[in-house]
Amino acid sequence: MRRGRRKPEDLRSHRWLGASNLRAFGHRSRLLQVGYDRADFAGKPVVGIINTWSDLNPCHVHLRTRAEEVKRGVWQAGGFPLELPAMSLSEMYMKPTTMLYRNLLAMETEELIRSQPIDGVVLLGGCDKTTPGLLMGAISAGVPSIFVPAGPMLRGTWRGGVLASGTDVWKYWDQKRAGEITEEDWHEIEGGIARSFGTCMTMGTASTMMALAETLGFSLPGASSIVAPDSSHARMAAASGRRIVEMVWEDLTPDRILSGASVENAIVVQQALGGSTNAIIHLIAIARRAGIPLGIDRFDEVSRKVPVLADVQPSGRFLMEDFFYAGGLRALQNRLEPMLDLSCLTVTGATLGENIAGAPVWNDEVIRPLERPVYREGGTAVLRGNLAPDGAVIKPSAAEPRLLRHRGPALAFENYDEMAAAVERDDLEVTPDHVLVLKNAGPQGGPGMPEWGLLPIPVKLVRAGVRDMVRISDARMSGTAYGACVLHVAPESFVGGPLAFVRTGDIIELDVDQRSLHLDVSDAELARRRAAWKPPAPRFERGYGAIFAAHVRQANEGCDFDVLDRPIRLPEPEIH
Ligand code: FES
């Protein structure tokens with residue numbers, strides 16, 4: 001639905017800055033206090049730049065200067081830019097996991113906008129949970145919003161070869177555990193694997209979510225693929241600043257951009273990218289913020305129809321820098337045209353189809369043609385069975401194919417510490433056919449559903465050359481990781497899901513073709529174990545953790561808070 005062009009007195013900020021009353025006097029006088037002139041803000045859209053820069057977030061260090069470039073664009077277009085710092089969810093440093101704080105960033109984003117004279121926002125983020133957190137908050141706040149993705153870092157290098165974020169860390173760590181590389185090698189890798197600012201440069205959660213934000217319509221075309229140090233990244237930031245001013249005048253709000261069709265487009269692109277399994281949780285949460293019903297089964301249905309075209313690690317061979325040079329997301333979307341709804345509106349004011357028209361692919365090895373995909377089916381399978389009544393996911397494209405149909409005895413661990421100690425023992429009774437099971441790593445049990453789903457291969461098997469085995473947990477897995485890891489088991493064990501009742505020696509059957517995950521234990525025996533089960537003590541007795549545990553939903557529902565995942569617009573604040 002087209003809306004009329006807004007006038008200065010229609011702006012939200014007019015209530016703070018344009019009125020002739022005591023409060024507006026105070027608001028204006030405090031802008032003058034900072035050194036702004038009336039000509040800087042009078043009658044202009046106030047643009048909030050919500051910046052997740054932090055010294056402790058190496059993926060976002062350049063966002064400090066990108067905010068200045070966004071401001072330049074806002075000034076050029078006749079807006080009034082104000083930077084609003086928000087918490088930075090640094091995947092590398094925050095413990096136990098940034099996922100514990102995604103909803104907190106979403107709340108902060110929503111309330112930063114809602115409580116202040118903001119007419120539109122530019123969202124600066126990219127490191128894993130920052131993208132969904134910022135989008136979820138902006139969608140709930142409902143003001144025009146544009147997302148500036150931090151962009152991937154450059155390729156890592158070591159001894160003339162290429163190093164990949166995360167993916168090569170797990171590989172070389174296992175080689176170190178097996179005694180195949182030295183301590184000195186390991187230190188050299190440490191210095192070469194992250195050599196510029198920007199997000200992880202594999203198709204991990206960051207790359208996936210930035211691409212999905214663009215596909216949903218929230219970024220300028222091509223923005224998510226630009227490697228962070230490229231000068232076009234700075235120009236994209238300034239262009240986003242110019243564009244948000246127009247979006248405010250056009251009243252181009254998130255509810256006009258986000259739709260069932262744009263969410264469906266995002267699922268198609270996630271599959272074609274061989275994207276992170278974490279995107280399933282985030283996309284469900286984003287959609288539900290807008291009242292768009294979405295469950296995990298839709299990912300499986302789309303996965304069966306959409307081939308993986310991006311030959312990018314961990315599912316493929318290349319890295320995001322190669323993907324950018326090959327044409328980037330627009331080129332991939334162009335290849336997917338027959339599967340996308342091209343009529344979806346985007347932040348440009350044009351449709352997705354208009355944005356990607358004629359976008360060329362420069363390298364068919366990196367972005368494959370539809371008739372020569374990396375995998376015929378997409379990257380996600382949703383499993384069901386008595387071990388996961390509400391579902392679980394696996395990324396078949398990142399697993400050894402022989403393990404996609406497997407029957408073996410469980411080796412069950414009650415928590416992460418018990419598992420971490422056991423896998424380093426030389427006398428652990430384990431074979432390559434065992435199924436490693438980790439409990440109490442879900443939304444409440446982790447808490448925050450940490451990325452523990454890539455359970456380490458026991459060291460005695462690593463030394464014997466084993467590099468993959470079936471692993472099951474209610475945790476998540478880094479999007480940069482690979483392996484036959486069944487993740488997001490729901491309901492989680494901490495709240496009494498069937499995973500809680502698995503014992504070492506129980507037989508587990510995984511059949512990815514049949515989408516089944518079965519615990520070969522009778523219903524009667526499972527009922528006995530359930531009756532004897534004692535719920536674990538709460539992880540938090542106070543603070544944000546206690547709020548999190550009281551309100552977080554399960555993985556198949558997006559892990560949003562039950563008080564947030566509704567499309568209810570809150571009333572504008574009174575200005576007294
Ligand atoms: Fe920030 Fe990987 S650590 S994107």
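Atoms within a ligand are numbered from 1 in the order they appear, just like the ligands themselves. Throughout, numbering of the chain's residues begins at 1 and tracks the sequence. Model, not experiment: these values are computed from the prediction.
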Just need the protein heavy atom nearest to atom 2 (Fe) of ligand 1, so name the residue and atom and give the distance. Cys200 SG, 2.2 Å
Might you confirm whether atom OH of Tyr325 has over 12 heavy atoms from other residues, nucleotides or ligands at distances under 6.0 Å? yes
Those atoms of ligand 1 less than 4.0 Å from some heavy atom in Thr199: 4 (S)
For ligand 1, which atoms, with element, lie under 4.0 Å from some heavy atom of Glu91? 3 (S)
Are the side chain of Arg155 and the backbone of Leu163 linked by a donor-acceptor contact shorter than 3.5 Å? no
Considering only heavy atoms, does Ala206 approach ligand 1 within less than 4.0 Å through its side chain, its backbone, both, or neither? side chain
Do the side-chain N and O atoms of [X] and [Y] include a donor-acceptor pair separated by under 3.5 angstrom?
| X | Y | answer |
| --- | --- | --- |
| Asp128 | Thr98 | no |
| Gln554 | Glu492 | yes |
| Thr202 | Gln313 | no |

Between Cys59 and atom 2 (Fe) of ligand 1, is there a contact where an N/O/S atom of the residue lies under 2.8 Å from the metal? no
Let me check your reading of the structure: within less than 2.8 Å of atom 1 (Fe) of ligand 1, is there an N/O/S atom from Cys127? yes
